[in-house]
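Notes to accompany the following structure.
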Amino acid sequence: MQTIITKPFADQNPGTSGLRKKVKVFEMPHYAENFIQSIFDSTGKIEGKRLIVGGDGRFLNRQIIQKVLKIAAANGFGDAMVGRGGILSTPAASHLIRKYRAHGGIILSASHNPGGSDGDFGIKYNIANGAPAPEKITQDIYACSQKISHYRIADTDDVDLDHLGKQMIGDMKIKIVDPVHDYANLMEELFDFEAIRRAITGGFRFRFDAMHAVTGPYAHEIFEQRLGFPAGTVVKGQPLPDFGHQHPDPNLVHVKELYDLLMADDGPDFGAASDGDGDRNLIIGKGIFITPSDSLAILAANAHLIKEYQAGIAGVARSMPTSTAVDRVAAKHKFFLYETPTGWKFFSNLLDAGIVTLCGEESFGTGSDHVLEKDGLWAILMWLNILAVSGKNALDIVRQHWREYGRNYYSRHDYEEVDARAARKMMEDLHARLGSLPGMEIGSLKIEKADDFAYHDPVDYSVSSNQGIRILFKDGARIVFRLSGTGTQGATVRVYMERYEADPDLQEQDTQKALEKLITIADEIAHLKLLLNRRKPTMIT
Ligand code: VG1
Ligand code: CO
C-alpha cells in the first residue's frame, strides 16, 4: 500500500451527473486518482465495507476500474463487486448496491457523451441506497479534491476482470460478477413476461438499438433469451470503447435508422434505444415517435395495468423543464406531483421516502422506485408490458391519451459548444430582466411569471437555487432556459418550449410548426442567436 503525494486539480467539480471530462484530461497523471480518493474521503467510514464497481465499457473503462480497485483496497474497503469485463449499466449498478447492501458504487461513464480516445469519460458516485450522490456529497467531494495532498493506492498487479470468481488485493476481496443476472431477475419480477411472450407469439415485432453501448448484453438476455424475441431483435448489441464511432445519445438524429424503420409500412410494431450507460430510453411506436414527456404521462396513466403498480402509484415527479403532460394525469388521478431541478439526484429523496413511484425527465430518462436511478430497459419493458396487456398499438395509445388529457407540444433546442462567457452573459442578461417580463404581451401571448427556478426538497429541506430561467405564459405555455451541466467543451445552452393543445382537431400538427411562435419569442427575449453567435440550434429534440 503506497501513499502518493499529489496536488489538486481546480476543475473536479461534479456536474449534473458525475465528473465528466475529455479522455485526455482523465489520462493526466493523478487526475482520476485524485478524484477517486476525494470520493472516499467524503463518504463516511469505509473500513470493511462493500463497493460496487462497473462502467459502460467506453475507452479507459478498464484502466480506471483497476485504479478504483487499487485505491479502494488501500483505503480499507472490505470487498468490491465488479461487473465482468468492467461492465455495469447505471441502473444495474444501483440495483447491486441496494441488493448487496454496499456502502456505495462507482460507475465509470460519461453516459450520453461520445466515447473513444478523443471522446469523454466520467466518474459517478452512488450512495448506499443506490441513488446518485446528492448535492451535499458532490459538494464535499469537490471540496476534498480542492485540498487533496496525497492518495493511497495498492502497488499490485491488475485484477483479472474477465473471469467470474474471487480475487484479492491485500485484505480486500474482489468478486467478479455477471453484470446482467441480478438485473434481469429484477425485471422479471416487475413485469409480466408471460403476457409479452403471448404478444410475440401473436406476431408482435420489436427492434432494440443498443448503440454499441452498455445495454447490449442486458438486452440480448432479457429480450431475446428470456422473452423469446427472435435473434436479431437487438442490434448493435456489443459494447465498444468508441460506441462504433457513434454518439450514444438516443435521439431521433442518432438513431435515425431505427426511426425510419418504424415509419415504414412493413416495419416492426415497436422500437427503442438506450444510451451509453443504459439509463435513458427512446421510444418509437409504429408510425409515431413518443416524446419522453408524453411517455412519462402515458406510463403514469397506464401504470395500473402492470402487476407491480396495480395497487396505485403514490405520486409522480418530473424535472422542471419536462413538459407538464404528466401534471394533467396527476391532477385527474389525484397523485402527488413534484417538480424538481434537472438531474436524477433530485428524485432520489422522493423515491426513497415513498412519496413518488414514477419519475421522468424530458431528456429520455424515466424510472420508478425499483432502483433509485433512471432506467432505460425498465421503461421499455413497461411499454412492452402495457402494449401486451392492453392489446392496443402505441399510436392508438398516444392518440387516445391526447384526446383525453390534451396534447403538450414540446421541444428542446440545444446550442452546443458555444463560447462559455457568451452563454453566461446571455443567462445573466436574462436574469437581470426577469422583473420586467411579467405582464408583457407578445402577440396573443401574455407573460404571467418569470423567475429562476429554486427547489425546496421536502425530505431533507435542502434548497437548490438557479436551476433554470422560466418564462410562464398565461395560457400555460412555457419557455425555459438553462445551461447544461454535462458538456465537456465550452457551454451548452438548452431552450425548452411547451404549449398545450386541448382541441383534438389540432393535435396532429408538426411539433416545430406548432411551437413556431414560442421559438421566435425565445430568441426575442434572450437574444440567443445574437449573443451566442449562432444561426440555429445544433440539436433539436
Ligand atoms: C442532461 C439532461 C438531464 C440528465 C443528465 C444526465 O443534463 O438534461 O436531464 O439528467 O443529462 O443524463 P444537462 O445538465 O446536460 O442538461 V445521463 O443519461 O447523460 O447521465
Ligand atoms: Co445516461
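Side-chain atoms are counted along with the backbone in the values below, which use heavy atoms only and exclude waters and symmetry mates. Both ligands and their constituent atoms are indexed starting at 1 by order of listing. Index from 1, following the sequence.
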Charged N-O contact under 4.0 Å between D277 and R58: no
Plane angle bin for F121 and F26 - parallel if under 30°, tilted between 30 and 60°, otherwise perpendicular: perpendicular
Mutual orientation of the aromatic rings belonging to F223 and F206 [parallel < 30°, tilted 30-60°, perpendicular > 60°]: perpendicular
N, O or S atom of T90 closer to the Co ion (ligand 2) than 2.8 Å: no
side-chain hydrogen bond (donor to acceptor under 3.5 Å, both in side chains) involving K449 - partner list, sequence neighbours excluded: none
Any side-chain donor near an acceptor of the partner, E135 and S464, under 3.5 Å: yes
Name of the D279 atom (N/O/S only) found closest to the Co ion (ligand 2): OD1
Donor on one side chain, acceptor on other, D457 and Y338, under 3.5 Å: no
Closest approach to the Co ion (ligand 2) by D277, given as the N, O or S atom name: OD1
Donor-acceptor pair between D375 and Y183 side chains, under 3.5 angstrom: yes
Near ligand 1, at a heavy-atom separation below 4.0 Å: residues by chain and residue number: T16, S17, R20, S111, H112, D275, D279, R280, T342, G343, E361, E362, S363, K374, R412, R482, S484, G485, T486, R494
A325 versus S293, closest heavy-atom pair with distance: CB-O, 4.2 Å
The Co ion (ligand 2) - name of the N/O/S atom of D275 that sits closest to it: OD2
